[in-house]
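Counting convention: from 1, in listed order, for ligands and their atoms alike.
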Amino acid sequence: MVYKFGIIGLPNVGKSALFNKITKLNIPSKNFPFCTIDPNIGVVSVFDGRLKKIAYCVSSKNIVYSIVTLIDIAGLVKGASKGEGLGNKFLEKIRECNALIHVVRCFKNTNIIHIYNDINPIRDIDIINTELLLSDLDLCERIIKKGSLRQSANDRNQKVSLNLINRCIRQLQSGFALRDIIFSKDEWKKLKQYQFLTLKPVIYILNMESNIDIDFSLDNVFKNNNFNKSTVFSIILNENNNTKINNMNYELSKKNIFYIDFINCNTIIKKVCDALKLKMFFTAGPKEVRSWIFKKGETALQISKLIHTDFSKGFIRAQIISYDDLIKYCNISKIRKLGKIRSEGKKYIVQDGDIINFLFNI
Ligand SMILES: Nc1nc2c(ncn2[C@@H]2O[C@H](COP(=O)(O)OP(=O)(O)OP(=O)(O)O)[C@@H](O)[C@H]2O)c(=O)[nH]1
Ligand SMILES: [Mg+2]
């Protein structure tokens, strides 16, 4: 499966500009609201410095990075769920995404139109989040109306219980995202099928261009206590800005804040992957070295499907070298002689950095 990340935010805040920077495409990014109507879709490589080192050790010239899909979605406005602006049909586009990248305007440049005329990141974040909450509330009501809820405790299928949906409704009505609720594993599994928007991980990109913007926005954003631990903030500096940030008073590590300038903004994708607890394993041979994204906790059998369904159908075992061993000895025959190639079965929990050769028989 290819993971999908959706870029959301108010109109004219720099979503398409960010999309262009990350994907190296050139879709319109103009100074007027609703410049983007139909979603733009781009494919982005997830860079990982380990691939080059692996390629050197196995004498491979070809590196293939794993990819994710980035979707630049039309701007949302207050009342979108009631049809304002371009309405809420774009929210449906967001539903299919695995994570959201929420772009917030923090730059003050008065030449660039702000749809509500003044720069107020907290209000803007709130407008978008309210629309997401309303959309999820609407979904809860539709689930109840559809009447496909679990009726009794003995009903052991994938249906959710009315209790669970009511819990979601109460959370949303008090203005909080569903991701802030602690669900059991079973509840998670059941809710996942509905693709609730506020259950998705979100990364905030505070789009700014000077130190003044930074003080202004950080101060405001972090004084607001509606943000919980699960929120990851990233900060991006404007392309034209060369100012170095020296005088930061904030405890950055505690806040999960990352400073990223426009030049390096494809590192945002890696940060989103980290926030989603996505890991990488590698396949390596003289023909090519390749990275594959998998979810923390997945087994050898589960990830073998990513490469080919034959691998899982005829799975025999997985031969594994850890990344550290490969780099340390940098020679496969030596690693074999040292007994550092492990044989693992279907249930092995794959670790980040594993270099895997699947043995299968079909
Ligand atoms: N000064 C300044 N301008 C910016 C910055 N980021 C984006 N812009 C400009 O703001 C305008 C809007 O940018 P877009 O990328 O089209 O915004 P958008 O969020 O995709 O807008 P919609 O598609 O209308 O929702 C463009 O003229 C950009 O060049 C920034 O950090 N500073
Ligand atoms: Mg746009």
Side-chain angles (χ1 to χ4, degrees), residues 4-42 44 69-81 83-94 97 100-121 123-129 131-132 202-218 220-221 233-245 258-268:
K4 289 184 190 165
F5 303 151
I7 307 180
I8 59 167
L10 287 182
N12 222 39
V13 294
K15 299 183 297 299
S16 298
L18 180 70
F19 175 87
N20 280 339
K21 274 289 160 190
I22 297 177
T23 58
K24 302 193 173 58
L25 293 172
N26 192 19
I27 56 130
S29 159
K30 299 273 167 58
N31 184 15
F32 58 85
F34 303 117
C35 173
T36 306
I37 297 177
D38 294 323
N40 297 298
I41 299 175
V44 192
T69 304
L70 196 61
I71 311 180
D72 171 40
I73 296 158
L76 289 167
V77 289
K78 202 188 279 184
S81 51
E84 288 294 321
L86 294 174
N88 69 352
K89 67 177 168 168
F90 300 100
L91 287 171
E92 294 309 314
K93 198 75 207 161
I94 308 173
C97 296
L100 309 178
I101 299 175
H102 183 162
V103 179
V104 184
R105 171 161 173 182
C106 295
F107 60 88
K108 291 173 178 166
N109 190 324
T110 48
N111 294 324
I112 307 289
I113 301 165
H114 189 296
I115 191 161
Y116 299 116
N117 300 319
D118 61 326
I119 310 304
N120 185 341
R123 175 206 54 201
D124 293 355
I125 289 174
D126 203 46
I127 289 172
I128 297 297
N129 285 344
E131 292 310 315
L132 304 184
V202 61
I203 286 204
Y204 290 88
I205 304 288
L206 307 183
N207 191 11
M208 54 187 70
E209 55 184 9
S210 78
N211 272 349
I212 306 162
D213 290 335
I214 289 165
D215 284 343
F216 159 77
S217 52
L218 281 186
N220 280 289
V221 169
F233 290 88
S234 288
I235 290 165
I236 185 157
L237 294 176
N238 183 252
E239 192 166 17
N240 308 320
N241 176 55
N242 295 316
T243 326
K244 290 263 176 294
I245 316 159
F258 303 100
Y259 284 102
I260 298 168
D261 58 31
F262 240 83
I263 314 283
N264 293 316
C265 68
N266 61 11
T267 59
I268 288 169

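- For the atom pair CD1 (Ile128) and OH (Tyr204), the distance works out to 10.0 Å, reported to the nearest 0.5 Å.
- By the criterion of a heavy-atom distance under 4.0 Å, neither the backbone nor the side chain of Phe19 is placed next to ligand 1.
- Geometrically, ligand 1 and Pro28 share no nitrogen or oxygen pair separated by less than 3.5 Å.
- Between the CG atom of Asp72 and the CD1 atom of Ile27 there is a distance of 4.5 Å, given to the nearest 0.5 Å.
- The Mg ion (ligand 2) has Ser16 OG, Thr36 OG1 as protein N, O or S atoms under 2.8 Å away.
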Determine, stepwise, if the pair Phe107 / Ile119 fulfils side chain to side chain contact (heavy atoms under 4.5 Å, CB included).
CA-CA 8 Å; Phe107 60 88; Ile119 310 304; over 6 Å; no
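- When each atom of ligand 1 is checked for a heavy atom of Ala17 under 4.0 Å away, the hits are 15 (O).
- Of all the heavy atoms of Asn109, the ones lying under 4.0 Å from any atom of ligand 1 belong exclusively to the side chain.
- In this structure, of Ile112, Ile37, Ile8, the residue bringing a heavy atom nearest to atom 9 (C) of ligand 1 is Ile112.
- Closest non-hydrogen pair, Arg105 versus Ile113, comes out as NH1-O, 3.3 Å.
- With sequence neighbours excluded, the residues satisfying salt bridge (charged side-chain N to carboxylate O under 4.0 Å, His left out) with Asp118 are Arg123.
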Between Ile205 and Leu18, does a side chain to side chain contact (heavy atoms under 4.5 Å, CB included) hold up when you go through it step by step?
CA-CA 9 Å; Ile205 304 288; Leu18 180 70; 4.2 Å; yes
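- Residue contact check: Cys35 has heavy atoms under 4.0 Å from atoms 22 (P), 23 (O), 24 (O) of ligand 1.
- In this structure Ile41 satisfies the side chain to side chain contact (heavy atoms under 4.5 Å, CB included) test together with Thr69, Ile71, sequence neighbours excluded.
- For ligand 1, the polar-atom distance check against Pro11 finds no nitrogen or oxygen pair separated by under 3.5 Å.
- Below 4.0 Å from some heavy atom of Gly75 lie the following atoms of ligand 1, by number and element: 25 (O).
- Near Val13, meaning under 4.0 Å from any of its heavy atoms, are these atoms of ligand 1: 17 (O), 18 (P), 19 (O).
- Atoms of ligand 1 found under 4.0 Å from any heavy atom of Phe32, numbered from 1 in the order shown, are 24 (O).
- For residues 26-35, the side-chain hydrogen bond (donor to acceptor under 3.5 Å, both in side chains) pairs, not counting sequence neighbours, are Asn12-Asn31.
- With atom 18 (P) of ligand 1 as the reference point, the heavy atom nearest to it among Lys30, Lys15, His114 is part of Lys15.
- What you find for Gly42 and Leu25 is that their closest heavy atoms are CA-CD1, 4.2 Å.
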Worked check of side chain to side chain contact (heavy atoms under 4.5 Å, CB included) between Ile101 and Phe19:
CA-CA 10 Å; Ile101 299 175; Phe19 175 87; over 6 Å; no
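- Of all heavy-atom pairs spanning Cys35 and Pro28, the tightest one is SG-O, 3.7 Å.
- By the 3.5 Å distance cut-off applied to N or O atoms, Pro33 is not counted among the residues near ligand 1.
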After noting the C-alpha distance and the side-chain angles of His114 and Leu10, does the key distance pass the side chain to side chain contact (heavy atoms under 4.5 Å, CB included) rule?
CA-CA 9 Å; His114 189 296; Leu10 287 182; 3.9 Å; yes
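- Contacts of Asn12 with ligand 1, taken as heavy-atom pairs under 4.0 Å, involve both backbone and side chain.
- Checking only distances, Ser16 does come within under 3.5 Å of ligand 1, N or O to N or O.
- At a 4.0 Å heavy-atom cut-off, ligand 1 touches Phe34 through the backbone alone.
- Closest approach of Ile73 and Thr36 over heavy atoms only: C-CG2, 4.5 Å.
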